[in-house]
Peer 1: 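Okay, here's the structure, questions in a sec.
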Amino acid sequence: MLSSTYLPLLTLLPAFAAAANATYLTATAIVTNGQNHSALECWEFSTPLTVSSDAGTRGVSIFNFASVANAVYTVIPPRFNGGTHNAPHLQIVLFLSGLAHITLPERTSLNASHDEAWILGGADGLVLALDVAGTGHVTTYPSDEPTVSVQLPLAGSEGVPAHRVLGAGPCAGEGQVVGG
Ligand SMILES: *[C@@H]1O[C@H](CO)[C@@H](O)[C@H](O)[C@H]1NC(C)=O
Ligand SMILES: *[C@@H]1O[C@H](CO)[C@@H](O)[C@H](O)[C@H]1NC(C)=O
């Protein structure tokens with residue numbers, strides 16, 4: 001299902017939130033805020049999950065990411081420190097295994113828990129890395145196992161899914177300290 005070169009359609013089900021009649025995907029986004037600082041936000045995509053009519057997944061819930069190209073499969077060794085960096089492109093990152101700890105070099109909120117995210121690889125491992133400008137973020141991978149991710153560059157800002165911001169900081173469940 002995961003192609004190393006092209007992944008327009010996500011049939012995994014990362015963190016999602018149920019509304020009245022529709023189900024919406026949520027994801028932690030790393031953005032550049034109005035002060036030119038990288039900041040974390042919890043996003044809910046405006047388009048609800050739809051139903052696949054494709055052979056093999058007919059009837060299951062899907063979300064279609066537009067304009068994704070040149071996917072990169074990345075194997076990060078245990079206890080790797082990625083340092084302070086900006087997103088190299090507007091991109092979706094799917095963490096498949098391991099653990100990523102994202103922190104910000106600049107305080108963006110009075111609430112310190114808004115300035116860090118713990119992303120566990122797996123079904124909830126969906127992140128949008130969009131801070132191509134600004135102060136950047138620090139990503140470390142503190143687990144004893146490799147962290148495997150797939151980076152999916154967006155072909156421009158029109159590829160960023162329409163969304164509403166649910167709040168400052170990472171989505172629920174990604175702000176608390178897990179492991180060490
Ligand atoms: C800080 O943010 C977290 C996560 O959004 C929230 O659970 C907590 O209550 C907040 N703390 C304060 C003091 O507002
Ligand atoms: C935003 O920050 C980047 C990197 O720190 C810097 O190169 C750029 O000039 C800044 N832009 C503005 C409008 O301040």
Side-chain angles (χ1 to χ4, degrees), residues 10 12-20 22-49 63 67 70 72 74 76 80-143 147 149 151-180:
L10 185 68
L12 302 165
L13 286 183
F16 57 82
T23 300
Y24 294 90
L25 200 56
T26 62
T28 296
I30 310 166
V31 301
T32 308
N33 70 12
Q35 287 74 49
N36 202 25
H37 290 167
S38 295
L40 299 171
E41 294 178 345
C42 180
W43 284 13
E44 179 184 83
F45 298 157
S46 304
T47 305
L49 296 182
F63 183 86
S67 306
N70 300 315
V72 178
T74 305
I76 301 156
F80 189 77
N81 185 342
T84 305
H85 62 286
N86 289 96
H89 330 271
L90 299 174
Q91 63 181 1
I92 296 160
V93 183
L94 282 171
F95 288 101
L96 305 180
S97 72
L99 178 67
H101 184 207
I102 300 167
T103 55
L104 301 173
E106 302 278 342
R107 198 80 183 260
T108 67
S109 170
L110 290 175
N111 186 335
S113 74
H114 292 166
D115 287 349
E116 70 171 333
W118 294 85
I119 309 295
L120 198 56
D124 292 337
L126 174 63
V127 171
L128 286 98
L130 307 174
D131 63 334
V132 292
T135 44
H137 61 277
V138 181
T139 311
T140 60
Y141 304 88
S143 73
T147 295
S149 69
Q151 292 144 265
L152 301 162
L154 300 170
S157 54
E158 66 276 9
V160 177
H163 61 275
R164 70 188 183 98
V165 177
L166 295 183
C171 292
E174 294 177 345
Q176 82 278 31
V177 174
V178 296

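Hydrogens, waters and symmetry mates are skipped; everything else that's a heavy atom, side chains included, is used. On a predicted model such as this, the values are computed, not experimentally measured, just so you know. Just follow the structure's listing: the first ligand is 1, and inside any ligand the first atom is 1.
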Peer 1: Can an N or O of Asn36 be found at a distance shorter than 3.5 Å from an N or O of ligand 2?
Peer 2: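 Yes.
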Peer 1: Any side-chain heavy-atom pair from Val160 and Leu90 closer than 4.5 angstrom?
Peer 2: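 Counting from C-beta outward, Val160 and Leu90 do come under 4.5 Å.
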Peer 1: Would you call the rings of His163 and Trp43 parallel, tilted or perpendicular, where under 30° means parallel and over 60° means perpendicular?
Peer 2: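 The rings of His163 and Trp43 lie parallel, inter-plane angle below 30°.
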Peer 1: Any non-hydrogen atom of Ala133 lying under 4.0 Å from ligand 2?
Peer 2: no
Peer 1: Could you check whether any side-chain N or O of Asn86 sits under 3.5 Å from a backbone N or O of Asp131, counting only pairs where one atom can act as donor and the other as acceptor?
Peer 2: yes
Peer 1: What class does the angle between the rings of Trp118 and His101 fall in, given that below 30° is parallel, 30 to 60° is tilted and above 60° is perpendicular?
Peer 2: parallel
Peer 1: Near ligand 1, which residues have a heavy atom under 4.0 Å away from one of its atoms?
Peer 2: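 Residue list for ligand 1: Asn111, Ser113, His114.
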Peer 1: Any chance you could measure Ser67, atom OG, to Glu158, atom CD, to the nearest 0.5 Å?
Peer 2: 5.5 Å
Peer 1: Has Thr135 got a side-chain atom pairing as donor or acceptor with Ser38's backbone, closer than 3.5 angstrom?
Peer 2: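 Side chain of Thr135 to backbone of Ser38: a pair is present.
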Peer 1: Using side chain to side chain contact (heavy atoms under 4.5 Å, CB included) as the criterion, point out the one residue from Val138, Thr139, Asp115 that pairs with Ile102.
Peer 2: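 Testing each of Val138, Thr139, Asp115 against Ile102, the sole residue satisfying side chain to side chain contact (heavy atoms under 4.5 Å, CB included) is Thr139.
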